[in-house]
Number of protein chains: 2
Amino acid sequence: MEKMIYAGKAKQMWTTTDEDVLRVVYTNQATALNGKKKTEIEGKGRLNNLISTLIFKYLNAQGVHTHFIKTISNDEELVRKVQIIPLEMVTRNIAAGHFSTRFNIKEGATFVKPIEESYFKSDELDDPFINNSQIFGLKIATEEEIEYMWQVSRKVDQLLTALFASIGLQLVDYKLEFGRLKDGTVILADEFSPDNCRLWDVKSKKHMDKDVFRRNLGDLTTVYKEVLTRLETKLGEGANKWR
Amino acid sequence: MEKMIYAGKAKQMWTTTDEDVLRVVYTNQATALNGKKKTEIEGKGRLNNLISTLIFKYLNAQGVHTHFIKTISNDEELVRKVQIIPLEMVTRNIAAGHFSTRFNIKEGATFVKPIEESYFKSDELDDPFINNSQIFGLKIATEEEIEYMWQVSRKVDQLLTALFASIGLQLVDYKLEFGRLKDGTVILADEFSPDNCRLWDVKSKKHMDKDVFRRNLGDLTTVYKEVLTRLETKLGEGANKWR
Ligand SMILES: Nc1ncnc2c1ncn2[C@@H]1O[C@H](COP(=O)(O)OP(=O)(O)O)[C@@H](O)[C@H]1O
Ligand SMILES: Nc1ncnc2c1ncn2[C@@H]1O[C@H](COP(=O)(O)OP(=O)(O)O)[C@@H](O)[C@H]1O
Ligand SMILES: [Mg+2]
Ligand SMILES: [Mg+2]
């Protein structure tokens, strides 16, 4: 029997008849401030699922190893089950959000090289910022795994910065999660959606991501729909291509 | 004319007739919680000056390049003027303090390798934790400087862990600061005292450092005096050796 093994802030993870495969259900829940701000937004689960589908298919096609298998409904996909490495691997191409506050750097400032940060995934500890020395000291990941995850993150940055630029969006920053298959191979997991990245419209400079919700800047679904439409036009797939 | 160029939380920095030399005055001010807790403790300036003198003389003798020139009174020393690199370079041999809180690790836990952390020295920003990628992105220090500072920190760790062990004290963690001479050479600067490190008595497990003040565990000067006495006995110098 299928059972739900995890109910997170944005998705549910269900077992399937194949023990190496999970079914992900994208929910309509929106949270900010590490869960302190919470609401239901009709259509959000569907939009994130369809956006993440397009991005993961694109990454798979470009040779990035991901957990993505296939999308099976508007808000469900099948993925390879991994043991998640409890780190949020953040890349910042442009200063924004927490980074700007923490270092008093204007939003929009650029860097010589993208800035890379990791956070320890722990709701209880409030996802603390963590450095490599701490990651090794606490045995959260090995040096090889960290090196590999940043290599993949950098490839993802090149691919997606170019992809979003081609549809008039600046990829400001984003968060990736990785996991280990049974044999220890590390692959890209979780999702890639406007919930976990910042996208700024090149022309209008408008926020096209979850900051719309965090900062009460307008209607989230309108903005996510626009991102999906542009991606579909670019990648030549209808939203229902998964059928 | 001598003038005070900086009044910090624990020391004043004065110019001298030699533009490459500063006079450091250790004050009796004690602060915790980044300045939120503050008080005067008679004798603290003298004790820190004399302890830091012994440590820096020892490090100089062991081939570590430091700013220390000589001690000229109970609470004053002469040092080579540097441009401080605004980073606190922290090494943790044993879990304690902020680290224990942040990662929910019991005080006293040990690591496979010492943990290394840097903090961006900025009172206004509350000395935020910073990683190498951010240090390079914000041009706070170069890759070579960071590599060199950790090399020196590791040498200091070996030397001082052994030194303190020989007088019945565990070197739990400590903070170093470095600076650039006019020609760019990086040297160890600032101080090394129980204000900036944690020392636990091996037998009694008692705190022999500023945690006595931070946690209201007793009289700070009694404890600092004990550290000074043990160091003097070991290093064979009277407290007034500087005269
Ligand atoms: N392929 C996978 N296998 C197992 N777990 C995964 C996989 N992909 C993502 N996860 C985990 O499933 C959960 C997804 O739910 P989500 O709502 O995003 O959770 P969270 O509140 O932790 O962000 C996350 O904990 C994520 O790390
Ligand atoms: N050799 C040196 N040359 C110039 N500045 C120094 C030197 N050694 C230490 N400093 C700086 O002088 C100040 C010492 O005062 P302190 O009370 O410790 O300040 P803080 O409140 O910043 O900790 C610090 O800002 C320290 O970085
Ligand atoms: Mg998540
Ligand atoms: Mg200081």
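Letters A, B, ... are given to chains in the order of the sequence lines, protein chains preceding strands, and every chain is numbered from 1. What you see is a predicted model, and the numbers here were worked out from it, not measured in a lab.
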- [ ] Heavy-atom pairs under 4.5 Å with chain B are the metric here; pick the option from A/Asn131, A/Ile105, A/Thr101, A/Asp126 that has the most.
- [x] A/Asn131
Open item on the list: Between A/Asp209 and A/Arg198 (salt bridge meaning N to carboxylate O under 4.0 Å), is one present in this structure?
Closed with: no
Open item on the list: Among A/Lys205, A/Arg215, A/Arg92, which residue satisfies the salt bridge (Lys or Arg N to Asp or Glu O under 4.0 Å) criterion with A/Glu107?
Closed with: A/Arg215
Task: Proximity breakdown for B/Ile130 and chain A, heavy-atom pairs closer than 4.5 Å - done: both
- [ ] Check whether B/Phe103 gets within reach of chain A through its side chain, its backbone, both or neither, counting any heavy atom under 4.5 Å.
- [x] both
Task: Charged N-O contact under 4.0 Å between B/Arg230 and B/Asp201 - done: yes
Open item on the list: Between A/Val112, A/Asn132, A/Leu138, who has the most heavy-atom pairs with chain B when the cutoff is under 4.5 Å?
Closed with: A/Leu138
Open item on the list: Let's test your reading of the structure: which of A/Thr110, A/Asn104, A/Leu125 forms the most heavy-atom pairs below 4.5 Å with chain B?
Closed with: A/Leu125
Task: Audit row: A/Phe178, A/Leu87, side-chain contact (heavy atoms from CB on, under 4.5 Å) steps and yes/no - done: CA-CA 8 Å; A/Phe178 293 82; A/Leu87 293 173; over 6 Å; no
Task: Heavy-atom pairs under 4.5 Å with chain A, option from B/Glu117, B/Lys139, B/Gln134, B/Glu124 with the top count - done: B/Gln134
Open item on the list: At a 4.5 Å cut-off on heavy atoms, which part of B/Phe120 comes close to chain A: side chain, backbone, both, or neither?
Closed with: side chain
Open item on the list: Ring centres under 6.0 Å, that's the criterion: do B/Phe164 and B/Tyr174 meet it?
Closed with: no
Open item on the list: Do A/Ser193 and A/Asp195 pair up side chain to side chain, a donor and an acceptor below 3.5 Å, judged on atom types alone?
Closed with: no
